[in-house]
Amino acid sequence: MKSILTPLGPKADKDTVRRHNLSLVLRAVRDEGESGEATRAGVSARVGLTRAAVSSLVEQLMESGFLTESGKTFSGQAGRPGTALKVARTGPAGLGVEINIDYVSVCVVDLAGTGRVRQTEHLDNRGAPAGEVLARAARIAARTLDSAREQELRPVGATLALPGLVSGGSVRQAPNLGWNEVPAQDLFAEALTVLRPGHPVLPVASENEANLAALAELWFGGLGDVRSFLYLTGEIGVGGALVLGGELLRGAHGFAGEIGHFVVDPDGPECRCGSRGCLEQYAGQTALLRAAGIDGSGGGAGVVELERRARAGDGRAVAALTEAGRMLGRVVSGAVNLVDPDAVVLGGIYRGLMPWLSPPADEELTGRVVSGLWSPGSGRLRASSVAGDAARGAAALVVQDVLADPVAYAEP
């Protein structure tokens with residue numbers, strides 16, 4: 001029988017090996033810094049390189065502005081004390097730009113993953129031409145880049161977080177924005193370049209906003225050892241993302257996770273996507289506020305009012321949230337049966353509404369998850385952390401590229 005051979009890449013030369021090891025050391029210092037202090041000896045033990053090799057790599061990373069060192073650190077063991085290593089608070093960084101239905105949020109994240117600059121403007125982007133919305137976002141991003149420069153940060157790339165089907169830099173479909181086949185990545189990049197004459201062109205990537213919020217939850221949230229989870233974000237619509245074994249599942253065409261358009265009732269309300277009875281027609285922000293009898297034109301103010309009424313025991317508000325939680329549980333139970341995640345994380349507007357959404361959702365999950373491993377109050381259904389937002393995930397995606405190959409991002 002004829003075997004099928006996997007094509008092999010080129011043999012690694014000394015330069016390739018050193019670039020790989022520079023990434024290993026930089027990531028090790030970043031990870032050690034999250035739980036304590038990193039030293040050359042500690043990094044050597046973690047990555048499996050000799051102390052001399054690590055010292056050489058550290059010196060190069062310091063010269064390139066990726067690492068800094070401070071005073072002595074004592075391990076309590078015999079030998080000379082080491083110096084504490086940290087990723088630099090200046091230099092390469094990532095820019096994240098979230099364009100949502102009723103706001104634009106832009107942030108800059110440094111190599112440690114710390115959010116250093118944030119600017120958010122509440123704008124009603126529904127019905128506005130895509131080019132105009134992206135130009136607005138570019139103006140906010142340009143101001144954010146100016147603020148980052150004042151802190152000696154140098155964003156080396158930008159990622160757009162977009163609410164819809166994103167592929168190849170274009171939004172194939174974003175029903176709540178009214179976008180179809182919009183080359184968002186190019187339009188944003190062009191607008192930002194025009195606003196920053198004399199500056200290098202900033203590389204721009206794009207991704208679905210729920211995917212990026214899920215990555216932010218994975219990298220910065222309070223998930224502990226959980227590495228497989230389903231993430232739902234409630235906004236005007238309902239976004240979803242799936243992380244399995246610490247890796248984002250994008251699907252064959254990059255469209256995995258569109259749980260908001262799972263059909264709950266084929267005879268239900270018409271959805272902007274063209275179908276009927278989609279989940280977001282029962283559990284999206286607009287549907288929730290309408291069911292509770294609250295004017296939804298105020299955007300976030302309407303959600304604040306919904307929570308206030310629910311806390312006061314308003315019957316209509318509580319009923320709206322109960323029905324939404326029931327529908328969420330019904331849909332999510334199918335996903336849990338399909339992929340068996342460790343947890344289901346609810347973000348966006350759902351975070352503050354968990355006291356009312358969680359009981360009916362948990363009840364549906366308990367009755368419908370066939371493994372029998374789901375039980376109310378188990379903690380598998382949980383609210384997202386405040387750290388897990390799409391703009392931060394977008395910026396951190398750029399930082400991941402820097403950590404993977406610091407040589408490519410060293411300042412000339």
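This one's a predicted model, so the numbers in the text were calculated from it and none came from an experiment. Side chains are part of it too, since the values below use all heavy atoms of this structure and drop only hydrogens, waters and symmetry mates. Positions are given from 1 along the sequence.
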inquiry  = Could you report the tightest heavy-atom contact between A93 and V108, atom names first, then the distance?
reply    = CB-CG1, 3.9 Å

task = Output yes when D267 and R276 qualify as a salt bridge under the 4.0 Å nitrogen-oxygen rule, no when they do not.
result = no

query = What distance separates L187 CG from S170 OG, expressed to the nearest 0.5 Å?
reply = 8.5 Å

remark   = Separation between CD1 (I236) and CG (L288), nearest 0.5 Å, reads 10.5 Å

message = Please give me the minimum heavy-atom distance between P92 and Y409, naming the atom from each residue.
response = CG-O, 4.0 Å

query = Looking only at heavy atoms, which two atoms of A210 and N208 are closest? And how far apart?
reply = N-OD1, 2.9 Å

key: Minimum heavy-atom distance R382-G222, with the two atoms named   = NH1-O, 4.0 Å

inquiry  = I want to check something: taking the side chain as every heavy atom from C-beta on, are V166 and R172 in contact at a cut-off of under 4.5 Å?
reply    = no

inquiry  = Among R46, R40, K86, which residue satisfies the salt bridge (Lys or Arg N to Asp or Glu O under 4.0 Å) criterion with E32?
reply    = R46

note = Given the options I259, L248, L249, L242 meets side-chain contact (heavy atoms from CB on, under 4.5 Å) only with L249

inquiry  = On a heavy-atom basis, which atom in P155 and which in L202 lie closest, and how many Å separate them?
reply    = O-CD1, 3.3 Å

task = Start with the C-alpha distance between D146 and R143, add both sets of side-chain angles, then the distance that settles salt bridge (charged side-chain N to carboxylate O under 4.0 Å, His left out), and finish with yes or no.
result = CA-CA 5 Å; D146 289 340; R143 294 200 302 269; over 6 Å; no

task = Could you tell me whether E247 atom CD has more than 12 heavy atoms of other residues or ligands within 6.0 Å of it?
result = no

inquiry  = Counting C-beta onward and ignoring hydrogens, is there a side-chain heavy-atom pair between T159 and V97 closer than 4.5 Å?
reply    = no

task = Report yes if the side chains of E207 and R250 come closer than 4.5 Å at any heavy-atom pair, otherwise no.
result = yes

ask   = Are R18 and D15 within salt-bridge range, i.e. N to O under 4.0 Å?
value = no

request  = May I ask you to test the T114-V109 pair for a side-chain heavy-atom distance under 4.5 Å?
outcome  = no

task = First locate atom CD of E323, then atom CG of L357, and finally report the distance between them rounded to the nearest 0.5 Å.
result = 11.5 Å

query = To the nearest 0.5 Å, how far apart are CG in D389 and OG1 in T120?
reply = 8.0 Å

ask   = Does any non-hydrogen side-chain atom of S228 lie less than 4.5 Å from one of V243?
value = no

request  = Using a cut-off of 6.0 Å, state whether more than 12 heavy atoms not belonging to R116 lie near its atom CZ.
outcome  = yes

request  = Answer yes or no: is there a side-chain heavy-atom contact under 4.5 Å between R380 and V344?
outcome  = no

request  = Could you tell me the separation between the CG atom of L26 and the CG atom of N21, rounded to the nearest 0.5 Å?
outcome  = 12.5 Å

inquiry  = Whether R392 engages the ring of F220 as a cation-pi pair (distance to the six-membered ring centre under 6.0 angstrom, angle to the ring normal within 45°) should be assessed.
reply    = yes

query = With side chains defined as the heavy atoms from C-beta onward, is the minimum distance between V402 and L111 less than 4.5 Å?
reply = yes

inquiry  = For L346 versus M354, what's the shortest heavy-atom pair and its separation?
reply    = CD1-SD, 3.4 Å

key: Among N176, T286, V264, the one residue meeting side-chain contact (heavy atoms from CB on, under 4.5 Å) with E280   = N176

